[in-house]
Amino acid sequence: MAEELDQNAINNLFRAAAAEAEAARAAAPESNAINFGRRASISAEQMQMLVSVNQIFSQSLGITLSARLNAPVTLTMVATERSLYHNLLDTIDLDASYLAQSRFRAPDARSLIAMDLALVEPLVHLALGGLTTIPPTRTPRELTQIDTAIMEILMGIVCTEMNLMWAPFGLQALYDGRVVPIHARRFYPQSEYVLSFTYEVHVGDRTGSLQIALATVIASALLREVDRRDHERVQPPATRKLLQDRIAALGVRTTLRLPPFKVLASEILNLQPGQLLESSLPTTTPCLLGMSDGPLWEAQPMLADERIAAKLIRPHPPSLPQR
């Protein structure tokens, strides 16, 4: 009986080890896959591309809101950051922000939108047909149903503009409603890495901030598409030919140096344009062809289309790597 129990225990250990290895293989990303949850998952080039795309988004959203509200509204991008969610929460005053969410279709995940409450009153004032001269801010008040209804419309516009920005990357999101501060604290796990974009918003003489935070799964999908687009970016043939022609037309200063040989001073003094100075060197004597800060080559002097030319023979030994 004891032997049977020992054998079962051994079998169970093997089953557990196999299951654990299979689970690890399923959970492990490919070696070359982008995983935003890893610390070194985003490069400076990828971040620059995201900044460029979001700058276009902020300009487009400002133009759209200005047209809807019949008043100047401008957005300026001020930051793009990758941070743990609990660190991002330290930069948002949840109780002084209008919080909303949008939901992506594929992959299924949410984004958090936070706008300073100080912007709500001027936005509602303009949406109701108020003058572009926004009255001074009164004491803080609770949001009314009218405020919320108008902000729902404006947040829908924000999400529409976001979709125009992310459409080339295969990402789309629908506005999903308001978020209360207590739920915002648990919107993402505290230890999850999020990708956030911060904009400074000007509505008349009022200024506030707008922040958009993307979940890890959305950021990873976005960076994979950014990486694919960057690697597949190929210049059109006409552009490549134009660049090649321009590079080929560039002049590079070169020297063709003969080995030392003796010549009479009188021959040098009597030289005239068009005359040849003969040397004692055989015509098969190799010369050295060099370019500024470039390698040296052993070369054979020759003529090509009535121009002095040089036929490259081999790299000059001193220019080869030393072992």
I'd like to know if [Y] and [X] are part of one continuous hydrophobic network [Ile/Leu/Val/Met/Phe/Trp/Tyr, side-chain heavy atoms within less than 4.5 Å].
X: Val203; Y: Ile157; answer: yes
X: Leu174; Y: Leu171; answer: no
X: Val263; Y: Leu281; answer: yes
X: Leu164; Y: Leu75; answer: no
X: Ile153; Y: Ile63; answer: no

Any chance you could measure [X], atom [atom1], to [Y], atom [atom2], to the nearest 0.5 Å?
X: Gln211; Y: Ser97; atom1: CD; atom2: OG; result: 7.5 Å
X: Leu119; Y: Ser209; atom1: CG; atom2: OG; result: 7.5 Å
X: Glu192; Y: His86; atom1: CD; atom2: NE2; result: 12.0 Å
X: Thr255; Y: Leu296; atom1: OG1; atom2: CG; result: 7.5 Å
X: Leu258; Y: Cys287; atom1: CG; atom2: SG; result: 4.0 Å
X: Leu214; Y: Ser196; atom1: CG; atom2: OG; result: 8.5 Å

Got [X] and [Y] here, is their nearest side-chain heavy-atom distance under 4.5 Å?
X: Trp166; Y: Leu222; result: yes
X: Asn54; Y: Met165; result: yes
X: Leu99; Y: Val180; result: no
X: Glu298; Y: Leu288; result: yes
X: Leu65; Y: Val201; result: no
X: Leu143; Y: Leu117; result: yes
X: Ile150; Y: Leu128; result: yes
X: Leu312; Y: Leu289; result: yes

ask   = Are the side chain of Thr285 and the backbone N or O of Pro282 linked by a donor-acceptor pair below 3.5 Å?
value = yes

key: Asn87 side chain to Ser83 backbone, donor-acceptor under 3.5 Å   = no

request  = Assess whether side-chain contact (heavy atoms from CB on, under 4.5 Å) is satisfied between Leu84 and Tyr193, documenting all intermediate values.
outcome  = CA-CA 4 Å; Leu84 294 173; Tyr193 277 106; 3.7 Å; yes

task = Assess whether side-chain contact (heavy atoms from CB on, under 4.5 Å) is satisfied between Ile313 and Trp297, documenting all intermediate values.
result = CA-CA 7 Å; Ile313 299 176; Trp297 284 77; over 6 Å; no

[X] atom [atom1]: more than 12 heavy-atom contacts under 6.0 Å:
X: Leu269; atom1: CG; result: yes
X: Asp93; atom1: CG; result: yes
X: Ile146; atom1: CD1; result: no
X: Glu278; atom1: CD; result: no

message = Please determine whether side-chain contact (heavy atoms from CB on, under 4.5 Å) holds for the pair Met162 and Ser111, giving the CA-CA distance in whole Å, both sets of side-chain angles, and the decisive distance to 0.1 Å.
response = CA-CA 11 Å; Met162 285 176 58; Ser111 66; 4.2 Å; yes

Polar contact flag, side-chain donor to acceptor under 3.5 angstrom, [X]-[Y]:
X: Thr76; Y: Glu200; answer: no
X: Thr207; Y: His202; answer: yes
X: Ser102; Y: Asp176; answer: no
X: Arg110; Y: Gln101; answer: yes
X: Glu161; Y: Thr64; answer: yes
X: Thr160; Y: Asn163; answer: no

query = Where do Phe57 and Phe197 land on the ring-ring contact (aromatic ring centres under 6.0 Å, His included) test, with the steps shown first?
reply = CA-CA 11 Å; Phe57 159 74; Phe197 307 96; 8.5 Å; no

Write down the atom of [X], the atom of [Y], and the distance for their closest heavy-atom approach.
X: Leu112; Y: Ala100; result: CD1-O, 3.5 Å
X: Ala184; Y: Val179; result: N-CG1, 3.8 Å
X: Ala299; Y: Pro301; result: O-CD, 3.8 Å
X: Tyr199; Y: Ser58; result: CD2-CB, 3.8 Å
X: Pro122; Y: Ala118; result: CD-O, 3.2 Å

inquiry  = I'd like to know whether Phe104 forms a side-chain contact (heavy atoms from CB on, under 4.5 Å) with Gln172, so could you lay out the CA-CA distance, the side-chain angles of the two residues, the decisive distance to 0.1 Å, and finally the verdict.
reply    = CA-CA 6 Å; Phe104 288 87; Gln172 292 285 282; 5.8 Å; no

query = Among all residues two or more places apart in sequence or in another chain, which pass the side chain to side chain contact (heavy atoms under 4.5 Å, CB included) test with Glu152?
reply = Tyr98, Thr148, Tyr175, Arg178

request  = Please check if the distance between the ring centroids of Phe187 and Tyr85 is under 6.0 Å.
outcome  = no

